Amino acid sequence: HQRVLFETIPGDQVAGGMLDEAAKLFSEHYGIWSQQSHKPGTKYPDTKTSLFLHVIISDLRLTYRQRIKISGRRLREQHLPEYATTFYVRVTVGDCYAGHAFACHWKYNDDDEKTICWVTQLVVHRNYREKGLASGLLNALRATADADLYGIISSNPFPASQLRRYFGVSAIVSFGSNHKRDHIQNDDPDDPKVGIERVSLEFMRDHAKEIMETSPIPYVREARLRGSLFEPEDDSTGLICGVDTNFFIDHTAPLRNLRSIQRDWKWPLGQLPEGHEYLLILPSKHRLFKSYRRPDSPSGLGASFLGSVVC
């Protein structure tokens with residue numbers, strides 16, 4: 001048996017060595033570049049828009065099938081900017097650094113102010129996947145704030161599916177003083193009937209643009225909404241709800257994960273073209289989460305807690 005330990009650290013308290021460790025995990029376990037990534041004439045967005053473009057520009061080692069790499073310095077710039085409220089959660093299994101997540105909080109100023117928790121990166125060591133670590137990381141992020149909304153951009157459908165299962169509601173609150181409050185059904189994440197297919201596309205269609213434009217994270221703020229949900233006149237790609245980030249990760253593994261999800265659920269976000277990522281924004285179900293605080297951390301920040309034992 002190996003002990004599983006989750007640790008939550010505010011962004012302004014994350015040391016350089018922690019980010020070097022996170023960068024190493026990302027570089028070894030996140031993904032590889034697609035064939036499209038090195039084609040002549042490929043256009044990339046402004047260098048400020050994406051962590052991934054920083055890697056392209058700085059390393060100049062972009063090669064088909066090469067692992068996508070990043071440095072600790074780039075992680076800080078893109079996921080822990082000084083002007084934002086951010087968090088870093090890491091999980092160790094025994095002595096192994098097995099995964100991490102980054103998140104950013106900000107206020108969305110609709111008719112009434114809403115708090116958003118956006119998952120900006122989620123990575124699990126390939127040897128520890130499908131053991132509940134991703135869910136544990138997301139739960140630890142949920143403990144950092146009583147958020148009204150959760151969001152993620154990802155080429156991998158699994159993080160979006162997990163976010164929906166543990167954080168989202170089936171029926172949606174219509175934001176704004178001119179709307180009536182809809183009924184909310186808080187789903188039990190252990191209920192086998194709870195699935196990604198029950199997300200509200202209408203909510204994302206109506207609010208995604210305004211929510212993302214207020215983000216302090218550049219690649220979220222400047223991502224371009226794509227898919228038939230936002231561009232009903234153009235459904236040629238098969239994408240329903242996503243963003244164009246010009247992030248050309250190889251889709252072999254994400255497509256394999258998508259087929260696994262589709263064995264049980266109807267996938268609502270469509271097909272994923274090259275250079276695009278799925279978008280998911282969910283109103284929170286406000287489920288209670290019990291965190292384990294350190295004695296020297298009365299606020300609950302910088303907290304650690306033990307997860308399940310991995311055998």
Side-chain angles (χ1 to χ4, degrees), residues 8 10-11 79 81 84-87 89 101-122 134-135 137-154 157 159-187 189 194-225 227 229-230 240-243 245 268-269 277-289 291 300:
T8 303
H79 296 281
T85 301
T86 57
F87 291 90
V89 180
F102 291 92
C104 180
H105 300 170
W106 72 88
K107 299 290 186 181
Y108 166 50
N109 294 314
D110 198 342
D111 294 333
D112 54 342
E113 197 171 67
K114 302 292 182 183
T115 299
I116 299 164
C117 176
W118 198 282
V119 181
T120 57
Q121 190 177 105
L122 177 65
S135 301
L137 290 166
L138 291 173
N139 270 324
L141 288 177
R142 180 168 56 177
T144 62
D146 186 23
D148 300 290
L149 299 164
Y150 291 92
I152 193 169
I153 291 172
S154 178
S161 180
Q162 290 292 307
L163 198 72
R164 158 65 188 95
R165 183 176 183 182
Y166 286 91
F167 294 170
V169 296
S170 294
I172 303 305
V173 178
S174 296
F175 286 178
S177 59
N178 294 328
H179 299 284
K180 294 182 180 180
R181 185 180 180 93
D182 294 335
H183 171 69
I184 298 180
Q185 178 183 340
N186 283 340
D187 296 320
V194 174
I196 184 68
E197 64 187 19
R198 296 171 68 178
V199 300
S200 172
L201 296 175
E202 292 77 11
F203 177 83
M204 290 185 282
R205 180 195 61 202
D206 295 342
H207 299 284
K209 184 175 185 294
E210 291 78 9
I211 289 171
M212 294 172 64
E213 284 179 346
T214 62
S215 174
I217 302 297
Y219 87 87
V220 175
R221 184 175 63 247
E222 300 177 22
R224 293 160 291 184
L225 295 170
L229 185 67
F230 309 107
I240 295 173
C241 182
V243 290
T245 56
L269 305 182
E277 298 181 73
Y278 289 120
L279 169 67
L280 187 66
I281 303 175
L282 298 168
S284 171
K285 65 176 62 176
H286 288 290
R287 292 178 58 88
L288 296 176
F289 176 77
S291 64

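Reckoned from all heavy atoms, side chains included, excluding hydrogens, waters and symmetry mates. Predicted, not measured: the structure shown is a model, and the values here were computed from it.
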Salt bridge (charged side-chain N to carboxylate O under 4.0 Å, His left out) involving E213 - partner list, sequence neighbours excluded: K209
T144 (side chain) donor-acceptor with L141 (main chain) under 3.5 angstrom: yes
Shortest non-hydrogen contact between P283 and L149, atoms and distance: CA-CD2, 3.7 Å
Partner of T245 under side-chain hydrogen bond (donor to acceptor under 3.5 Å, both in side chains), chosen from E222, E277, R224: E277
Parallel, tilted or perpendicular: ring planes of H105 versus F87, cut at 30 and 60 degrees: tilted
Shortest non-hydrogen contact between A160 and L280, atoms and distance: O-CD2, 3.2 Å
Backbone N/O of L229 and side chain of R205: donor-acceptor pair under 3.5 Å: no
Side chains of V119 and Y150 in contact at under 4.5 Å (non-hydrogen atoms): no
Validation row: M212, L279 side chains within 4.5 angstrom (heavy atoms): yes
Test item: L138 and L163 side chains (from C-beta on) under 4.5 Å apart, heavy atoms: yes
Shortest non-hydrogen contact between Y219 and T120, atoms and distance: OH-O, 2.8 Å
Qualifying residues under side chain to side chain donor-acceptor pair (under 3.5 Å), relative to E210, sequence neighbours excluded: none
Separation between CD1 of I281 and OG of S200, rounded to the nearest 0.5 Å: 11.0 Å
Sole candidate of I211, L269, L282 that passes side-chain contact (heavy atoms from CB on, under 4.5 Å) when paired with M204: L269
Any W118 side-chain heavy atom under 4.5 Å of I217 side chain: no
Atom pair CH2 (W106) and OG1 (T86), whose distance is rounded to the nearest 0.5 Å: 12.0 Å
Gap separating the CG atom of D206 from the CG atom of L201, nearest 0.5 angstrom: 11.0 Å
Non-neighbouring partners of F102 that pass ring-ring contact (aromatic ring centres under 6.0 Å, His included), sequence neighbours left out: H79, Y88, H100
C104 to A84 - nearest heavy-atom pair and separation: SG-CB, 4.0 Å
Closest heavy-atom pair and its distance - P268, I240: O-CD1, 3.5 Å
Pairwise distance CD1(I116) to OG(S284) - rounded to 0.5 angstrom: 12.0 Å
